[in-house]
**Student:** 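Below is the structure I would like to discuss, written out as structure tokens.
Here is how names work: the chains are called A, B, and so on, in the same order as the sequence lines, proteins then strands, and each is numbered from 1.
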Amino acid sequence: MADERRLERLTSMLKRRGIILPAFEIYGGVSGLIDYGPVGAAMLRRVTQNWLDHWMSHGDIVEIDSPTITPEAVLVASGHVGEFSDLMTECKACSSVFRADHLVEDEHPNADSLGAQKIDGLLGSGITCPSCQESAWTAAQPMNLMFQTSIGAMSSGRTAYMRPETAQGMFMLFPSLYRHFRQRLPFGAVQTGHGYRNEISPRQGMIRLREFNMAELEYFIDPQDPPVGNISKHNEIITLIPDPDGPHSGESRMSFGAALEAGIVRHPTVAWFLARTWDFLVGVGIDPARIRFRQHASTEMAHYATDCWDCEIHGEHGWVECVGIANRTCHDLENHETHSKARGLRAWRQFATPRKQVVERLAPNGAVIGPTFRNDAAAVVAALEALTELPDSLPFDLSLEDGRSVTINPDMVERREETANVSGEWFTPHVIEPAFGFDRIIWHILDHAYTEGEKEGEDYNHLSLAAGISSIDCVVLPLFDKGGMPELATEINTTINAVPRLRAQLDSSRSIGRRYARADEIGVPWALTVDHTSLEDGSVTVRRRDDQVQVRAFVDEVLEHLRNNSLDSLF
RNA sequence: GCGUUCGUGGUGUAGGGGUAGCACAAGAGGUUUCCAACCUCUUAGCCCGGGUUCAAAUCCCGGCGAGCGCACCA
């Protein structure tokens, strides 16, 4: 960093101006929990809306909303309960903390599955600390990174967790989504909201939080027919850091299309979402030069993913993962199907032309089987229908479902070849998931927008926020707080605020220069000033934040431009 | 979780066993024909708990929080 104090100055400003603040501060605060103040919350709302608009403009993506409290069974199926309950142990000599199963890996083929007592036994048999070579371990304790809670009271309560990701909500709703989209893939669902991870030690301000704003898109596809977005228009040269263990290791710079062609990005749908993620980030004001995509090595992949790209953004805390784009394949839907025994977590794949399937079967002859087996006849018929491999010769021994065996004679069955028309098949869709951490993205928006400068020998700072991301669209300033100017300014302010999604704020205290500075500091892009001329003809001056240039315009005109985000055309 | 530095108005800081100062910001008023001007007035602070002491913001212990290093980060 050019200036190590910049981070402190930025954080102070965020606190002073009500953007980001420590939560519960009057009680001492809680590490990993933050508040968005009046200015920050408006920004969060706008980034969220921007994100929703961005994905829903695709036309095949809808929004859903699920509970944050999630019953245990859901997270057992998804693998989170198992993955989160790592047994941890501490070296009594040097206080280093380790995952217990990793320490005993060499002593047991499946250490991950061991209980605490067995692990303790193995640890006691002479496992030494990798840091200090001592062998003195505390009892292994489960470290659960999910917040546990209980649904219902006392002993009748069911174990539940605060969701560690919003994604499971989309999987729960797959049957409904499939119906909504009239049984046609591909389609997607998004959800924004809070996620919870009980981090051991949250650090770096709002980079690692215990409760955070996430936004996830689950895009359901047919793995045999992956949708290919049009990335030919994306000419940007981007930075890629492919899998260090793969054939393309090292850093490379190329377009999204070239990366897909070169096989660096392995999946066409993933490539499309990488490009669209880029569009979103740049659109909300992230500096394109400080974005890069990093492919996970197979060793660091999440338990549910088979291929994963991080989108990292560079800021005061270095390169930080802000978006994860994972190919989750059929992991979640398949596991939910197994654990819940629910049907409806699959999709139908229609064959281009119906396939003729020749089926050989032994057709039962009821006239013989009935009298011969009497009460067991039905079971025999069922067993014959269930045969997948036909015997080469008759008679043969047929196993019934209850384990008994009967002899089938040639007169009991007739060998037949039947032709069936099969028009399609059921399969479990694959899922491509871009998962966004909004808090981290907002941090980097602020970081990249925070500009420290000088004006007439004094420090002068401002946020160069993208239009539509600033907490408000403009300030309305009466040049003097008298002589009819405040009244006209109030009227203009009311008019602007009456337009849905446009926000203005009145500021009439202290000198005009001070008020411009206040607005600049929180990144308000426009200032409308009411002066004496305004009282005569209704025009105002429009000041542009980024170069402080002013033009005169009429209120109706300004309003129209604010709506269309086209005020720049006046300059 | 371990080690380490630290915690004073909204923000930034000074002080360091005996009356807590300053700057900026904010509010009220005045002045001012467009970029943190000026004048008057005002609001507002020693992170929390315990101990030592006649007396604790100050010293000691614990907690909470922040930064950094180690560990952790599905």
Side-chain angles (χ1 to χ4, degrees), chain A residues 4-5 7-18 21-33 37 75 78-86 88-99 102 112 129-132 138 141 143-146 164-165 197-205 207-210 296 300-305 308 316-317 320-321 324 326 454-462 477-483 485 509-521 527-535 540-543 545 547-550 552:
Chain A
E4 57 192 28
R5 302 281 303 217
L7 177 60
E8 288 171 38
R9 292 191 297 269
L10 173 55
T11 322
S12 295
M13 188 278 282
L14 296 180
K15 199 173 167 188
R16 179 162 40 83
R17 295 306 308 270
L21 309 87
F24 309 111
E25 211 189 3
I26 63 169
Y27 285 100
V30 179
S31 178
L33 301 179
L75 295 161
S78 70
H80 286 93
V81 169
E83 287 291 319
F84 270 63
S85 302
D86 297 325
M88 306 289 285
T89 184
E90 187 178 334
C91 171
K92 288 176 187 166
C94 70
S95 298
S96 299
V97 177
F98 298 94
R99 269 182 66 166
H102 286 180
D112 203 15
C129 172
S131 306
C132 69
T138 63
Q141 288 195 320
M143 236 343 285
N144 202 316
L145 285 175
M146 289 192 291
E165 57 173 19
R197 295 176 193 184
N198 201 356
E199 296 283 355
I200 299 168
S201 103
R203 283 282 174 86
Q204 297 173 305
I207 299 297
R208 268 171 75 190
L209 297 174
R210 289 187 164 126
H296 278 203
E300 71 172 317
M301 218 98 77
H303 65 274
Y304 47 73
C308 189
E316 289 285 353
H317 298 292
V320 173
E321 172 196 352
E454 217 177 72
K455 193 158 150 183
E456 284 158 27
E458 277 193 81
D459 290 342
Y460 196 94
N461 307 330
H462 74 281
L477 314 174
L479 186 56
F480 300 109
D481 199 14
K482 60 182 178 186
M485 290 179 220
S509 73
R510 302 271 202 151
S511 78
I512 191 71
R514 183 176 290 245
R515 284 177 275 162
Y516 288 140
R518 278 203 279 247
D520 286 346
E521 193 176 35
L528 310 183
T529 305
V530 174
D531 58 14
H532 287 106
T533 315
S534 312
L535 298 175
V540 295
T541 64
V542 182
R543 172 188 181 271
R545 175 197 65 206
D547 56 9
Q548 305 170 16
V549 172
Q550 278 176 297
R552 184 163 280 279

**Student:** Does T541(A) have any side chain to side chain donor-acceptor pair (under 3.5 Å) partners at least two apart in sequence or in another chain, and if so, which?
**Tutor:**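 Result, side chain to side chain donor-acceptor pair (under 3.5 Å) vs T541(A): Q550(A).
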
**Student:** Restricting to non-hydrogen atoms, name the atom on A326(A) and the atom on C308(A) that form the minimum distance, rounded to 0.1 Å.
**Tutor:**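 Taking A326(A) first and C308(A) second, the nearest heavy atoms are CB-SG, 4.1 Å.
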
**Student:** Can you see which heavy atom on R210(A) is nearest to which on N198(A), and at what distance?
**Tutor:**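 Closest pair (atom of R210(A), atom of N198(A), distance): NE-OD1, 3.4 Å.
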
**Student:** Roughly how many Å apart are U13(B) and A57(B), using the P atom of each and rounding to a whole number?
**Tutor:**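 Taking atom P in both A57(B) and U13(B), they lie 22 Å apart.
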
**Student:** Counting side-chain heavy atoms from CB outward, which of G65(B), G1(B), C34(B) is closest to S31(A)?
**Tutor:**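 Selected nucleotide: G65(B).
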
**Student:** Got a sec, which residues hit side chain to side chain donor-acceptor pair (under 3.5 Å) with D459(A), two or more places apart in sequence or on another chain?
**Tutor:**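 Checked D459(A) against side chain to side chain donor-acceptor pair (under 3.5 Å); zero matches.
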
**Student:** Apply side-chain contact (heavy atoms from CB on, under 4.5 Å) to A519(A) and list each qualifying residue two or more places apart in sequence or on a separate chain.
**Tutor:**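 Per chain and number, A519(A) pairs via side-chain contact (heavy atoms from CB on, under 4.5 Å) with V475(A), V524(A).
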
**Student:** Distance check, C1' atoms only: U42(B) and G49(B), in whole angstrom units.
**Tutor:**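 These two C1' atoms come out 34 Å apart once rounded.
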
**Student:** Distances under 3.5 Å between protein N/O atoms and the N/O atoms of nucleotides 35-45 of chain B, please, pair by pair.
**Tutor:**
unit_1 : atom_1 : unit_2  : atom_2 : d
C35(B) : O2'    : K455(A) : NZ     : 3.2
C35(B) : O2     : K455(A) : NZ     : 2.9
C35(B) : O2     : R543(A) : NH2    : 3.3
C35(B) : N3     : R543(A) : NE     : 2.8
C35(B) : N4     : R543(A) : NE     : 3.4
C35(B) : N4     : Q548(A) : O      : 3.0
C35(B) : N4     : Q550(A) : OE1    : 3.4
A36(B) : O2'    : E458(A) : OE2    : 3.4
A37(B) : OP1    : R514(A) : NH2    : 2.9
A37(B) : OP2    : S511(A) : OG     : 2.7

**Student:** Starting at NE2 of H532(A) and ending at C1' of U32(B), how long is that distance when rounded to a whole Å?
**Tutor:**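 Distance check: H532(A) NE2 to U32(B) C1' gives 11 Å.
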
**Student:** If I take atom CZ in residue R203(A) and atom C1' in nucleotide G65(B), what distance separates them, rounded to the nearest angstrom?
**Tutor:**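 For the pair R203(A) CZ and G65(B) C1', the rounded distance is 12 Å.
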
**Student:** Under a 3.5 Å cut-off on both pairing distances, which runs of 3 or more consecutive Watson-Crick or G-U pairs involve RNA chain B?
**Tutor:**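 Paired runs of 3+ in RNA chain B: B:1-7 with B:64-70, B:10-13 with B:21-24, B:26-30 with B:38-42, B:47-51 with B:59-63.
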
**Student:** Find which nucleotide of RNA chain B each of S534(A) and P202(A) is nearest to by heavy atoms, and output the residue with the more 5' nucleotide.
**Tutor:**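 It is S534(A), whose closest nucleotide lies nearer the 5' terminus.
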
**Student:** Quick one: which protein N/O atoms are closer than 3.5 Å to N/O atoms of nucleotides 7-13 of chain B? Pair and distance per line, please.
**Tutor:**
unit_1 : atom_1 : unit_2 : atom_2 : d
U11(B) : OP1    : K15(A) : NZ     : 2.8
U11(B) : O3'    : S12(A) : OG     : 3.3
G12(B) : OP1    : S12(A) : OG     : 3.0
U13(B) : OP1    : R5(A)  : NH2    : 3.2

**Student:** Taking only residues two or more places apart in sequence, or in another chain, which ones meet F24(A) in a side-chain contact (heavy atoms from CB on, under 4.5 Å)?
**Tutor:**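 Expected list: V30(A), L33(A).
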
**Student:** Measuring from atom OG of S31(A) to atom CZ of R203(A), what distance do you get when rounded to the nearest 0.5 angstrom?
**Tutor:**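 Going from OG on S31(A) over to CZ on R203(A), the span is 8.5 Å.
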
**Student:** Using whole Å, what does the distance between atom P of nucleotide A66(B) and atom NE2 of H317(A) come to?
**Tutor:**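 Taking NE2 of H317(A) and P of A66(B), I get 12 Å after rounding.
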
**Student:** Looking only at atom C1', what distance separates C2(B) and C72(B), rounded to whole Å?
**Tutor:**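 Between the two C1' atoms, the distance is 12 Å.
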
**Student:** With nearest nucleotides of RNA chain B determined for S509(A) and G205(A) from heavy-atom distances, which residue corresponds to the more 5′ nucleotide?
**Tutor:**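 Its nearest nucleotide being more 5', the pick is S509(A).
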
**Student:** Taking CZ from R210(A) and C1' from C73(B), how many angstroms apart are they, rounded to a whole number?
**Tutor:**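 These atoms are roughly 12 Å apart.
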
**Student:** Just how far is it from atom CG of D481(A) to atom CD1 of I512(A), taken to the nearest 0.5 Å?
**Tutor:**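 D481(A) CG to I512(A) CD1: 11.0 Å, rounded to 0.5 Å.
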
**Student:** Whole-Å distance between A66(B) P and L7(A) CG?
**Tutor:**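 Taking atom P of A66(B) as the reference, CG of L7(A) is at 13 Å.
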
**Student:** E199(A): which residues meet the side chain to side chain donor-acceptor pair (under 3.5 Å) condition with it, sequence neighbours left out?
**Tutor:**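 Once residues adjacent in sequence are excluded, the partners of E199(A) under the side chain to side chain donor-acceptor pair (under 3.5 Å) criterion are R208(A).
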
**Student:** Of all heavy-atom pairs between L75(A) and P164(A), which one has the smallest distance, and what is that distance?
**Tutor:**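 Where L75(A) meets P164(A) most closely, the heavy atoms are CD2-CD, 3.9 Å.
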
**Student:** Say you pick atom C1' in G21(B) and the same atom in G15(B); how far apart are they, in whole Å?
**Tutor:**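 So the two C1' atoms sit 8 Å from each other.
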
**Student:** How far, in whole Å, is A28(B) from C64(B) if one measures between their C1' atoms?
**Tutor:**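 The same atom, C1', in both gives a distance of 38 Å.
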
**Student:** Base of C72(B), side chain of S201(A) - is there a donor-acceptor contact under 3.5 Å?
**Tutor:**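 Between C72(B) and S201(A), which were checked side chain against base, a qualifying N/O pair under 3.5 Å is absent.
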
**Student:** When you compare C6(B) with A44(B), how far apart are their P atoms, in angstrom units rounded to a whole number?
**Tutor:**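 C6(B) and A44(B) have their P atoms separated by 31 Å.
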
**Student:** Distance-only criterion, 3.5 Å: show the donor-acceptor pairs between side-chain atoms of residues 10-17 of chain A and protein atoms not counting sequence neighbours.
**Tutor:**
unit_1 : atom_1 : unit_2  : atom_2 : d
T11(A) : OG1    : L7(A)   : O      : 2.5
S12(A) : OG     : E8(A)   : O      : 3.0
K15(A) : NZ     : E25(A)  : OE2    : 3.1
R16(A) : NH1    : E521(A) : OE1    : 3.4
R16(A) : NH1    : E521(A) : OE2    : 3.3
R16(A) : NH2    : E521(A) : OE2    : 3.2
R17(A) : NH1    : R518(A) : O      : 3.1
R17(A) : NH1    : E521(A) : OE1    : 3.0

**Student:** Which atom pair, heavy atoms only, marks the closest approach of Y516(A) to A527(A)?
**Tutor:**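 Nearest pair, atom of Y516(A) first, then A527(A): CE2-CB, 3.7 Å.
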
**Student:** List for me each residue that meets salt bridge (Lys or Arg N to Asp or Glu O under 4.0 Å) alongside R514(A), sequence neighbours excluded, and say none if there are none.
**Tutor:**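 Testing R514(A) for salt bridge (Lys or Arg N to Asp or Glu O under 4.0 Å), a comparison that skips the adjacent residues, returns none.
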
**Student:** Taking only the C1' atom of each, what is the distance from G10(B) to G69(B) in whole angstrom?
**Tutor:**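 Roughly 32 Å separates the two C1' atoms.
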
**Student:** Between G65(B) atom P and L21(A) atom CG, what is the distance in whole Å?
**Tutor:**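 Taking atom P of G65(B) as the reference, CG of L21(A) is at 17 Å.
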
**Student:** Over all strands shown, is T541(A) touching base, sugar-phosphate only, or nothing at heavy-atom distances under 4.0 angstrom?
**Tutor:**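 T541(A): base contact, heavy atoms under 4.0 Å.
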
**Student:** With C1' as the reference atom in both, quote the distance from U58(B) to G16(B) in angstrom, rounded to an integer.
**Tutor:**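 Those two atoms are separated by 5 Å.
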
**Student:** Grab the OH-P distance between Y27(A) and G65(B) for me, whole Å please.
**Tutor:**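 Answer to the nearest Å: 16 Å.
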
**Student:** Send over the distance from D481(A) CG to U31(B) P, rounded to a whole Å.
**Tutor:**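 That distance rounds to 12 Å.
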
